[in-house]
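Note sheet for the following structure.
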Amino acid sequence: MTRSSTAQPRSFDFGRFWDRWGIASVLVLLIIVSTVISPDFLTLQNIQSILRESAYVGIVACAMTIAIMNGTFDLSVGGQLALVSVVSLFAFGIGGTGLAIAAAIGTGLACGLLNGVLVTALKVPPFIATLGMLFVFRGIAYLLTQDGPATLPYADVDSAFAQIGSGGIAYIPTTFIIMVLVFVAGYMILYRTAIGRKVVAYGSSPSAARFSGISAWKVRLFVFVLLGVAVGIASLTYATRVWTADGSAQDGFELRVITAAVLGGASLQGGKGSLTGTFSAVLLVSVLNDLLVSQGVDASYQRIILGSVLVIALAIDGLRTKFSGFGRFRRAPRTGPGLFNTSDDSAPQFPSSNTTKTGRAPEQERQSQ
């Protein structure tokens, strides 16, 4: 008489639940609080303003999440945004909408390529390389606007270029639609292309990725170029919203981008991140910023609060990594990964050094023989 085997129920992992739904839950809570504190929060005009404000941050945060999953990051995105915005506005004055879009994408791509070459070819650490280029890019933007900031002439506010920042479809801002499309493209890159799988594999385990034949410098160069292109797209949504740009544009932008990526679940150790989480975190940061502005909080205190949010997010990630088994409860088994999620158990698996070709431990192999 044999005992029928039953499937063991899986444990409820609070850390995984937080990765998938934690930021979205906090976002809903913050929206409720904002509605109570500010009666004008849920007006159509204010909601559209929040969505427009979140677009250029979200576009770059999507690419930054992919970069962090690869085990790197880019501190120069704020300088890139200022420079690309200046170039695109000047290009519009010379050749119209088409030239402005081409100049923005091309300049962003060139900035990302330069960062990638510094890191991959010259072996400069990403922190040092991108921090230095942050000042270089802003310095060039200041030089280009010595005679005054780059501006969009008032006579052209109804042009197709200006409509990128002020237009919309069915009350949904065009810039927000662009951000959603960028996140969809980011998902397709990560989970439907070979280069995307290599990005995650290298971030999860660089040594195992190299052992499997993944070219580290090609993957890292791709990540920085992708970031540059994302900044080019984001600059179009920013410049056409404010109609002006100079070297001081969006000072501290890189802090908001990295905060959104880390708050959304990206681990600075690499190999782990969630585009869904980043999307929710971008909206969370935008709603928080709108609440602070509506309550008349000084810009200096806003930076203190945003910096504190980043530190708290990093601390939570560190504690969750240290106590990975804490907070688990038993539950029924479930199948199917999250829509945009990836974690260590969904990353490509490589053979362990203490297993044989059959996948069994050496002791089991000897016994079978």
Side-chain angles (χ1 to χ4, degrees), residues 52-67 72-119 129-130 133-134 136-141 144-145 150 152 159-165 173-186 188-189 195 221-247 249-250 253-254 256-258 260-261 278 282:
R52 286 193 176 96
E53 185 70 19
S54 65
Y56 56 90
V57 176
I59 291 170
V60 182
C62 176
M64 186 67 75
T65 300
I66 296 174
T72 189
F73 54 87
D74 189 347
L75 294 177
S76 71
V77 291
Q80 290 184 50
L81 185 78
L83 175 60
V84 177
S85 297
V86 168
V87 171
S88 64
L89 287 173
F90 280 150
F92 175 77
I94 297 173
T97 302
L99 182 60
I101 294 175
I105 303 299
T107 305
L109 189 152
C111 291
L113 181 62
L114 179 58
N115 282 337
V117 170
L118 289 175
V119 173
T130 58
M133 294 310 297
L134 166 66
V136 171
F137 293 143
R138 284 202 179 275
I140 296 174
L144 293 176
T145 56
L152 181 69
S159 64
F161 182 66
Q163 288 302 306
I164 296 175
T174 305
T175 54
F176 182 75
I177 295 174
I178 293 174
M179 183 183 79
V180 172
L181 293 176
V182 167
F183 270 89
V184 172
M188 298 300 293
I189 290 174
I195 187 67
L221 183 63
F222 168 79
V223 166
F224 279 105
V225 170
L226 184 66
L227 267 168
V229 172
V231 172
I233 298 172
S235 69
L236 293 172
T237 66
Y238 171 75
T240 55
R241 171 171 165 78
V242 300
W243 299 352
T244 184
D246 59 14
Q250 282 297 301
F253 176 72
E254 56 281 343
R256 297 175 63 186
V257 170
I258 295 177
T278 299
V282 168

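Small disclaimer: the values here were computed from a predicted structure and weren't measured.
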Distance check, rounded to the nearest 0.5 Å: [X] atom [atom1] versus [Y] atom [atom2]?
| X | Y | atom1 | atom2 | value |
| --- | --- | --- | --- | --- |
| L113 | L227 | CG | CG | 12.5 Å |
| I177 | I164 | CD1 | CD1 | 12.5 Å |
| C62 | M179 | SG | CE | 9.5 Å |
| S85 | Y238 | OG | OH | 6.5 Å |
| I258 | F73 | CD1 | CZ | 6.5 Å |
| T175 | Q163 | OG1 | CD | 11.5 Å |

_I178 side chain reached by I233 side chain, heavy atoms, under 4.5 Å_ = yes

*Please tell me if the side chains of Q250 and R256 come closer than 4.5 Å, counting only heavy atoms from C-beta onward.*
yes

Smallest separation among heavy atoms of [X] and [Y], with atom names:
| X | Y | answer |
| --- | --- | --- |
| N115 | S76 | ND2-OG, 2.9 Å |
| V282 | A61 | CG2-CB, 3.9 Å |
| V57 | E53 | CG2-O, 4.1 Å |
| A129 | L118 | CB-CB, 4.2 Å |
| C111 | L83 | SG-CD2, 4.1 Å |
| A104 | L236 | CB-CD2, 3.6 Å |

_Under 3.5 Å donor-acceptor, R138 side chain and A249 backbone_ = yes

_Between R52 and G165 (side chain of the first, backbone of the second, donor and acceptor by atom type, cut-off under 3.5 Å), is there such a pair?_
yes

*For a side chain to side chain contact (heavy atoms under 4.5 Å, CB included) with L152, tell me which candidate from L89, T240, V242, T244 qualifies.*
L89

*Do you see a donor-acceptor pair shorter than 3.5 Å between the side chains of S235 and S88?*
no

*Evaluate the ring planes of F161 and F92, with Trp represented by its six-membered ring, and classify them as parallel (under 30°), tilted (30 to 60°) or perpendicular (over 60°).*
parallel

